[in-house]
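A quick write-up on the structure given underneath.
Numbering of residues begins at 1 and proceeds along the displayed sequence. Start at 1 and go down the list; that is how both ligands and their atoms are numbered.
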Amino acid sequence: MLTVHHLNNSRSQRVLWLLEELEVPYEIRKYQRDPSTMLAPPELRAIHPLGKSPVIEDEGRVVAESGAIVEYLVDHYDTGRLAPLPGMPERLRFTYWLHYAEGSAMPPLLLKLVAARIASAPMPFFAKPVARKIAGKLQSTFVDPQLALHLRYVDTELAATGWFVGTEFSAADIQMSFPMEAAMARSGIADKLPNIAAFVKRIQQRPAYKRALERGGPYTLG
Ligand SMILES: N[C@@H](CCC(=O)N[C@@H](CS)C(=O)NCC(=O)O)C(=O)O
């Protein structure tokens, strides 16, 4: 049976959700983050050398990297319901959002998190003002403008149909859910992104999304 190596509160929630949408049977092996570093436990490196989640095992294959996992799962288990078939005109747009989620949307969101952690990290009192100043400058000159550029673009892209590809829900919406939920939680401009806000509300109502949450456990971004 297909196995999902699932780290709590992580991107692998998306994989559980996709499997629920596809109605593919799967089992979950759960891993807990180290509460102080937030890193995955070393056991995950026995599955894939990077030790990150998600990773799946299916029919003797190990597949890592969430975009590749989504592509693998729709290619193996979907019949054109959750992804345009290869060769269809919408397939390129589908591929675009699969890559965009991790390649373009996540870097500024991750930097935002890092800058906030630098500003609040425990350190000698005399270093605090310097650390806060550097973190603040990084945010105001680079992170926040890049984040606004990306999120306003995505918000506009969602305006026409509310979905990332065509007029129907697809696995690209699942792949984009993680950065969109993170954007709502930490971009600081959620109130200026009405189409993303509506998208996040809509996906969270899906029965398969809720089933995946029940199986995966707490997920604070969602
Ligand atoms: N781009 C990768 C990112 C994988 C990744 O960084 N996963 C995080 C969870 S959201 C992780 O495993 N963090 C724990 C660690 O780095 O030890 C993907 O989309 O699969």
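By the 4.5 Å heavy-atom criterion applied to side chains, Trp163 and Trp97 are not counted as neighbours. Counting heavy atoms from C-beta on, the side chains of Glu90 and Ser170 never come closer than 4.5 Å.
At a 4.0 Å heavy-atom cut-off, ligand 1 does not touch Met106 at all. Heavy atoms of Leu7 found under 4.0 angstrom from ligand 1 belong exclusively to the side chain.
Aromatic ring pairs are classed by plane angle as parallel below 30°, tilted from 30° to 60° and perpendicular above 60°; the pair Tyr31 and His5 is tilted. Between Tyr209 and Trp17, the two ring planes are perpendicular [angle over 60°; tilted spans 30° to 60°]. The aromatic rings of Tyr96 and Tyr153 sit perpendicular, their planes meeting at an angle over 60°, well past the 30° parallel limit.
Nearest to atom 6 (O) of ligand 1 among the protein's heavy atoms is Lys52 CD, 3.7 Å. For atom 17 (O) of ligand 1, the nearest protein heavy atom (residue, atom name, distance) is Ala40 N, 2.8 Å. Here the protein heavy atom with the shortest distance to atom 1 (N) of ligand 1 is Glu65 OE2, 2.5 Å. Protein heavy atom at the shortest distance from atom 10 (S) of ligand 1 is Arg11 NH1, 3.0 Å. Protein heavy atom closest to atom 8 (C) of ligand 1, with residue, atom name and distance, is Ser53 O, 3.7 Å. For atom 20 (O) of ligand 1, the closest non-hydrogen atom of the protein is Ser66 N, 2.9 Å.
Note on Ile47: it does not cluster hydrophobically with Tyr26, by side-chain heavy-atom contacts below 4.5 Å among ILVMFWY residues. Placement of Met180 and Leu113 in two distinct hydrophobic clusters is found when ILVMFWY residues are connected by side-chain heavy-atom separations under 4.5 Å, directly or transitively.
Against a heavy-atom cut-off of under 4.0 Å, Pro54 is close to the following atoms of ligand 1: 20 (O). Below 4.0 Å from some heavy atom of Ser10 lie the following atoms of ligand 1, by number and element: 9 (C), 10 (S).
Note: an N/O pair closer than 3.5 Å links Glu102 and ligand 1 by distance alone.
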- Message: What verdict does the salt bridge (Lys or Arg N to Asp or Glu O under 4.0 Å) test give for Glu23 and Arg81, after you've listed the backbone C-alpha separation in whole Å, the side-chain angles of each residue and the deciding distance to 0.1 Å?
- Response: CA-CA 12 Å; Glu23 297 179 16; Arg81 189 170 58 92; 5.6 Å; no
